Peer 1: 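Here you go, one structure.
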There are 2 protein chains.
Amino acid sequence: MSASLATALLTKLMLSNHLDGADVQAIQRLPIRTQDVKARHVIVADGDRSTECSLLVEGFAFRSKTTPDGERQTVSMHIPGEIPDLQSLHLNVMDHDLIALTPCVIGFISHGSLKALNIERPNIAAALWRTTLIDAAILREWIVNVGRRSATARTAHLLLALHHRLRAIGMAQDGEFGLPVTQTDLADCLGLSAVHVNRVLQLLRAEGLLTVSRLPSGRRRARSEFHLLQQEKLEELAGFDPAYLHQQPES
Amino acid sequence: MSASLATALLTKLMLSNHLDGADVQAIQRLPIRTQDVKARHVIVADGDRSTECSLLVEGFAFRSKTTPDGERQTVSMHIPGEIPDLQSLHLNVMDHDLIALTPCVIGFISHGSLKALNIERPNIAAALWRTTLIDAAILREWIVNVGRRSATARTAHLLLALHHRLRAIGMAQDGEFGLPVTQTDLADCLGLSAVHVNRVLQLLRAEGLLTVSRLPSGRRRARSEFHLLQQEKLEELAGFDPAYLHQQPES
DNA sequence: CGGACTGTTGATTCGAATCAAAACCGGTGG
DNA sequence: CCACCGGTTTTGATTCGAATCAACAGTCCG
């Protein structure tokens, strides 16, 4: 893996894990195949049996499941430095889709080299395991969000969580972050209808809690710039507590 | 760990992992401290920093989160042989409660001995990692359930999923299984109100899809015996596909 | 200019929550 | 043995949040 490719992964990993120099070098030596993926393209599909994991180097992606009657539920959003399908290392068949939200650069890492790395460097194995456990913690909070919160609280919670994660990797500051989601995308995350998401966002804007602007972009897809104006109030409204993100490295 | 204590764990682990004789012996040698926990008692609480993991030897447990305004959302149900808080091995602070649904026998295993085992036997480390990944897969399906399915489909899906898991460990057959849940418990799992769960169950019974009977038990708490009469129709109704449970061992 | 996607608005329906009360059931204690 | 009690299930009436349906406006793009 070239140093530049490893940067995103290492930034993310070291947010919540202690890695020593040898660990870092081992990761930088990982063989990797990069590929550009267009927005909205399926990176790995439900039912696939993958032989490699996808490192999200640039761009955003999401994982979602589709019910038999065609309804989509997004179960997670992914930001640079994450390996959204790391579970495929031990779960050979995908139980959901991994889809590019924006144009992405994906670094494919073979299961073989990851497994070898895990055996060679138990500390990295623990770190990777830990990232999948944090992923699960986020899934649990996501369940609470769709199961028990009102539409407004739910929406606020999602935006706060994304902001928190993006800020940790330097992609957000002062409540501002760019994320090219449509209201339909948000609806799929939240278990709501797109129409209702629209009304909820209007409400949040009217309350002066946030602003959303669509910046033009060079590409087809517009970029939504979210600005959380009153984080305190939003957190209060959403019942947001970042503890579940487990962002401090541990013993 | 005495052979009898290890049995439940090994039964569960070997459903979805290949373990060799040495692996089995290593697990059987794990030091373990057992403890009885009364129904409804908190085994590990949100915010706790545990130093050991809880093996559910006998009984049922669930994990849930409580929102600031006191609403409970259950995020998973646990059956004998599972280690519901295995994530605490790498996530030092609990982000949810682990609660005994029934009187339970819990086997506490220290993080130290588990970490030593993981290093000594990478195959077991992979197997344990895999169980946490299956746990996450179940969380994802749970999100879809509360996010996108109707109350009836949701309820049917939960019961089918529990039946499927219980049958795998020999605790259910022919659609029948005993589980001492109240309708409020189900409501907390489903993101519904208890009243509505009641009406949904009535509907499912009226359709001849299932029966629920409360068997008297020696203890305070009654035991609900569920009987899924028409699994095909229930699966159709719920959009249930057991693939996400990943019950076959893999490469 | 036309078309596709996205965002917005209004009218209406519907599923589920809420509120309230009653019936039920096993367990306890007088 | 029976009266009472707490937790649970059930029923009915009502409200409410969000979905649905339908149309229209805005924007980017070919």
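This one's a predicted model, so the numbers in the text were calculated from it and none came from an experiment. In what follows, chains carry the letters A, B, and so on, assigned in the order in which the sequence lines appear, proteins first and then strands, with residues in each chain numbered from 1.
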Peer 1: Under the criterion side-chain contact (heavy atoms from CB on, under 4.5 Å), which of A:I32, A:T34, A:I43, A:L55 is the partner of A:F108?
Peer 2: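 Looking at A:I32, A:T34, A:I43, A:L55, the match for A:F108 under the side-chain contact (heavy atoms from CB on, under 4.5 Å) is A:I43.
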
Peer 1: Classify the side chain of B:R199 versus the base of D:dG12 as yes if they form a donor-acceptor pair under 3.5 Å and no if they do not.
Peer 2: yes

Peer 1: Which word best sums up how the rings of B:F240 and B:H157 line up, parallel for under 30°, tilted for 30 to 60°, or perpendicular for over 60°?
Peer 2: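 The rings of B:F240 and B:H157 stand perpendicular, inter-plane angle above 60°.
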
Peer 1: Expressed as a whole number of angstroms, how long is the span from A:F226:CZ to C:dG7:C1'?
Peer 2: 13 Å

Peer 1: Tell me what A:R149 touches on the nucleic acid: a base, only sugar-phosphate, or nothing, going by heavy atoms under 4.0 Å.
Peer 2: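 Nothing, no heavy atom under 4.0 Å.
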
Peer 1: Taking the side chain of B:Q183 as heavy atoms from C-beta outward, which of D:dT10, C:dG7, C:dA16 is closest to it?
Peer 2: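 Closest of the options to the side chain of B:Q183: D:dT10.
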
Peer 1: Between B:Q202 and D:dT11, does any side-chain N or O lie under 4.0 Å from OP1 or OP2?
Peer 2: yes

Peer 1: Using heavy atoms to find the nearest nucleotide of DNA chain C for B:L192 and A:V195 separately, return the residue whose nucleotide is more 5′.
Peer 2: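 Its nearest nucleotide lies further toward 5', so the answer is A:V195.
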
Peer 1: Given side chain to side chain donor-acceptor pair (under 3.5 Å), test B:T182 with B:D185 step by step and report yes or no.
Peer 2: CA-CA 5 Å; B:T182 67; B:D185 292 328; 3.2 Å; yes

Peer 1: Report yes if at least one side-chain N or O of B:R214 is closer than 4.0 Å to OP1 or OP2 of D:dT9; otherwise report no.
Peer 2: yes

Peer 1: What is the separation between atom CG on A:D188 and atom P on D:dA19, rounded to the nearest whole Å?
Peer 2: 12 Å

Peer 1: Determine: side-chain N/O of A:N198 to OP1/OP2 of C:dT8, distance under 4.0 Å, yes or no.
Peer 2: yes

Peer 1: Classify the nucleic acid contact of A:R205 as base, sugar-phosphate or nothing, counting any heavy atom under 4.0 Å across all strands shown.
Peer 2: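 Result for A:R205 = sugar-phosphate.
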
Peer 1: Output the rounded distance in Å from CG (B:L204) to P (D:dT10).
Peer 2: 13 Å

Peer 1: For B:L190 and C:dG15, give me the distance from atom CG to atom P, rounded to whole Å.
Peer 2: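 Nearest whole value for this atom pair: 18 Å.
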
Peer 1: I need the CD-P distance between A:E225 and C:dG7, as an integer number of Å.
Peer 2: 15 Å

Peer 1: Applying side chain to side chain donor-acceptor pair (under 3.5 Å) between A:R63 and each of A:D97, A:D135, A:D46, report the one that passes.
Peer 2: A:D135

Peer 1: Once you round it to whole Å, what is the distance between P of D:dT9 and CG of B:L201?
Peer 2: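 Rounded to the whole Å, the gap is 9 Å.
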
Peer 1: Over how many whole Å does the gap from A:R154 atom CZ to D:dG17 atom P extend?
Peer 2: 13 Å

Peer 1: Got more than 12 heavy atoms from elsewhere within 6.0 Å of CD, B:E236?
Peer 2: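 No, because the 6.0 Å sphere around CD of B:E236 holds 12 heavy atoms or fewer from other groups.
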
Peer 1: Picking from A:L5, A:I106, A:L9, what satisfies side-chain contact (heavy atoms from CB on, under 4.5 Å) with A:V57?
Peer 2: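 Going through A:L5, A:I106, A:L9 one by one, the side-chain contact (heavy atoms from CB on, under 4.5 Å) with A:V57 is satisfied by A:L5 alone.
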
Peer 1: Does anything in residues 62-73 of chain A reach DNA chain C, meaning a heavy atom under 4.0 Å, and if so which residues?
Peer 2: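 Those residues whose heavy atoms fall under 4.0 Å from DNA chain C, taken from residues 62-73 of chain A, amount to none.
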
Peer 1: Round to a whole Å and report the spacing from NE2 of A:H196 to P of C:dG10.
Peer 2: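 A:H196 atom NE2 is separated from C:dG10 atom P by 16 Å.
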
Peer 1: For residues 194-202 of chain B, run the donor-acceptor check on the side chains, cut-off 3.5 Å, and write out each pair with its distance to 0.1 Å, sequence neighbours left out.
Peer 2:
unit_1, atom_1, unit_2, atom_2, d
B:N198, OD1, B:Q202, NE2, 2.3
B:N198, ND2, B:Q183, OE1, 2.9

